[in-house]
Each structure stands twice: as structure tokens, then as C-alpha cells.
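Order of the sequence lines fixes the chain letters, A, B, ..., with proteins taken first and strands second; residue numbering starts at 1 for each chain.
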Amino acid sequence: EAGVTQFPSHSVIEKGQTVTLRCDPISGHDNLYWYRRVMGKEIKFLLHFVKESKQDESGMPNNRFLAERTGGTYSTLKVQPAELEDSGVYFCASSQGSSGVKDTQYFGPGTRLTVL
Amino acid sequence: QKEVEQNSGPLSVPEGAIASLNCTYSDRGSQSFFWYRQYSGKSPELIMFIYSNGDKEDGRFTAQLNKASQYVSLLIRDSQPSDSATYLCAEINQGGKLIFGQGTELSVKP
């Protein structure tokens with residue numbers, strides 16, 4: 001069974017440009033999460049999809065970030081326009097969603113975003 | 001106060017020793033906790049989860065949860081150089097959101 005995949009693995013862009021990150025969850029997983037780790041800090045939650053619906057987007061930093069999950073399969077996270085403080089590693093995770101607080105989230109390899 | 005706190009380390013132990021990683025949390029209502037291992041440049045990989053007070057063992061790993069004192073720990077017996085990584089403690093809220101500590105870097109010296 002394939003794990004969570006993310007594309008691209010690295011992205012280097014200039015301030016003001018747009019970047020779109022993609023996440024393909026494990027097949028059959030209804031829950032999809034985005035997290036981010038900026039240098040020197042802990043991994044922080046950005047948002048949570050259940051199928052195609054946004055369940056919780058309380059961690060999204062501002063309206064420059066837009067996440068979608070059309071059809072309840074893969075998800076994209078767009079940053080427009082990118083700022084220097086957006087640099088970090090963006091992780092996607094997915095889970096089946098059948099076990100509540102015991103639900104295991106499986107993480108993708110992350111996308112390292114560098115904004116110059 | 002951070003919701004989940006870990007010593008960032010590095011924690012250095014000799015090969016074959018027991019590595020003890022600790023984590024404290026602030027929300028008394030927290031129910032479940034996860035330990036992830038992350039090698040440099042790789043994705044976090046689940047080691048164990050625990051939701052009941054006491055110990056839970058899986059091979060060389062033992063997770064311990066003490067809800068009265070609000071701490072979670074992970075013991076690694078017979079530590080190997082391949083265990084060298086960053087260990088992340090996380091609690092999960094009712095909505096499924098993981099709240100991570102900063103992670104403890106473990107170094108096992110041959």
C-alpha cells in the first residue's frame with residue numbers, strides 16, 4: 001500500500017511568487033491534515049479536511065494560504081503571494097478517521113519551501 | 001506555557017543503554033498521546049500511541065502515561081545507533097488535530 005506522497009519535495013521561490021503544494025493521502029483515508037514546521041519550532045497544525053470538507057482551518061496563518069481537496073482525494077495548498085516567513089517544511093498526513101482520538105495519522109515526506 | 005513540552009536535547013546515550021525521553025502537557029483533558037520518530041529530512045514515523053495510564057510495551061519501546069502528573073515518556077531499551085533521530089511527542093485533540101512538542105534529539109553512540 002502506497003503511503004502519503006507529497007510534491008514537490010523542495011521548492012525555492014522569490015517573495016511575492018505563488019507556490020502550490022500537493023498531497024496524495026493513503027487511499028481510502030477520509031481525513032487529511034496539513035502541518036508546517038518552521039526552523040527551530042515545533043510542527044504546527046494548519047488545517048484538517050474530512051473528505052472534501054474543511055473540518056478545522058484554525059491553524060491557517062492568514063488569507064494568503066488556500067487549501068483545497070476537490071473530490072475528497074488529493075489536496076493542494078497554495079501560498080499566494082509568498083512571504084519570507086512562509087519558509088519551512090510542509091507536511092501532509094492522512095488517517096482513516098474511524099478511531100477518534102486514537103486515530104493514527106500517517107505523514108508524508110514533506111515539502112521544503114524556501115522563500116527568498 | 002506551551003501545550004506540549006519536550007527537552008530539545010541533544011540526549012546522548014551509549015549503545016545498549018536505556019534512552020528515556022520525556023514530555024509534559026498542560027491540558028488535563030488530553031486523552032491520547034503519540035510518539036513519532038523523525039530521521040533528518042524524513043517524515044515523522046509513528047512509534048507508539050498511548051491513552052491509558054500506565055505502561056505500554058512494544059518490542060524495545062515502552063510508553064508511559066501518568067495523567068495525574070501530566071507527563072508521557074518513551075523508554076528505548078538496548079539503544080542502537082539506528083535509533084538516533086528526533087523523537088516527537090504529540091497529543092491529539094477531539095477534532096483529530098495533533099499538537100506537537102518541539103522534539104528531543106537522541107544520539108546513540110557506538
Side-chain angles (χ1 to χ4, degrees), chain A residues 2-7 9-10 21 23-26 29-51 53-60 88-112 114, chain B residues 1-10 21 23-53 56 58 61 63 65 67 72 85-105:
Chain A
V4 178
T5 58
Q6 293 185 245
F7 181 84
S9 56
H10 293 84
L21 314 181
C23 168
D24 286 78
I26 293 172
H29 281 192
D30 286 341
N31 291 279
L32 188 149
Y33 304 82
W34 284 98
Y35 294 87
R36 177 176 73 172
R37 185 169 200 166
V38 298
M39 189 175 294
K41 302 284 188 181
E42 66 272 23
I43 296 173
K44 286 199 168 177
F45 168 83
L46 295 177
L47 89 158
H48 170 201
F49 283 100
V50 177
K51 297 184 180 179
S53 299
K54 290 177 186 173
Q55 186 76 12
D56 179 357
E57 51 184 329
S58 61
M60 295 287 263
V89 181
Y90 290 76
F91 290 104
C92 175
S94 72
S95 71
Q96 284 189 315
S98 56
S99 303
V101 292
K102 303 171 192 173
D103 208 30
T104 297
Q105 295 181 28
Y106 298 90
F107 280 75
T111 293
R112 181 173 295 277
T114 302
Chain B
Q1 182 188 8
K2 289 187 177 179
E3 292 179 81
V4 178
E5 294 209 53
Q6 296 180 256
N7 285 327
S8 59
L21 304 155
C23 171
T24 58
Y25 60 96
S26 59
D27 184 357
R28 282 200 170 272
S30 296
Q31 296 183 45
S32 298
F33 299 87
F34 295 78
W35 281 100
Y36 284 85
R37 176 176 63 196
Q38 187 178 22
Y39 294 110
S40 181
K42 302 294 184 181
S43 59
E45 171 194 10
L46 181 70
I47 299 175
M48 295 182 71
F49 70 87
I50 186 167
Y51 51 88
S52 298
N53 261 333
K56 180 181 179 182
D58 184 1
F61 299 95
L65 173 59
K67 292 188 178 182
V72 194
T86 295
Y87 288 79
L88 304 167
C89 171
E91 65 175 19
I92 190 168
N93 74 358
Q94 290 291 342
K97 169 172 109 174
L98 286 172
I99 301 165
F100 284 92
Q102 196 158 348
T104 298
E105 183 185 345

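Between B/I92 and A/Q105, the closest side-chain pair of non-hydrogen atoms falls below 4.5 Å. At least one side-chain heavy atom of B/F34 sits less than 4.5 Å from a side-chain heavy atom of A/T104.
To the nearest 0.5 angstrom, B/N93 atom CG is 7.0 Å from A/D56 atom CG. How far CZ of A/F107 is from OH of B/Y36: 5.0 Å, rounded to the nearest 0.5 Å. Taken from CG in B/L46 to OH in A/Y106, the straight-line distance is 6.5 Å, to the nearest 0.5 Å.
Neither the backbone nor the side chain of A/Q55 comes within contact range of chain B, judged by heavy atoms closer than 4.5 Å. B/L88 touches chain A through its side chain: at least one heavy atom from C-beta onward sits under 4.5 Å away, while N, CA, C and O do not. B/Q38 touches chain A through its side chain: at least one heavy atom from C-beta onward sits under 4.5 Å away, while N, CA, C and O do not. Heavy atoms closer than 4.5 Å to chain B are found nowhere in A/S9, neither backbone nor side chain. If you measure heavy-atom distances from B/L98 to chain A, the contacts under 4.5 Å come from both the backbone and the side chain.
No more than 12 heavy atoms of other residues, nucleotides or ligands lie within 6.0 Å of NZ in A/K51, so this atom counts as exposed by the packing criterion. Within 6.0 Å of atom CG in A/D30, more than 12 heavy atoms from other residues, nucleotides or ligands are found, so the atom counts as buried in its surroundings. Heavy atoms from other residues, nucleotides or ligands lying under 6.0 Å from NZ of B/K67 number more than 12. Summarising the local packing, CZ of B/F61 is surrounded by more than 12 heavy atoms from other residues, nucleotides or ligands at distances under 6.0 Å.
Options A/Q6, A/K41, A/E42 differ in how many heavy-atom pairs under 4.5 Å they form with chain B, and the most are formed by A/E42.
Across every non-hydrogen atom of A/F91 and B/K42, the tightest pair is CE2-O, 4.2 Å. Among all heavy-atom pairs drawn from B/Q102 and A/R37, the shortest one is O-NH2, 2.7 Å. The two residues B/S43 and A/G108 make their nearest non-hydrogen contact at CB-O, 2.7 Å. Contact record, A/S58 with B/K97: OG-NZ, 4.0 Å, taken as the closest heavy-atom pair.
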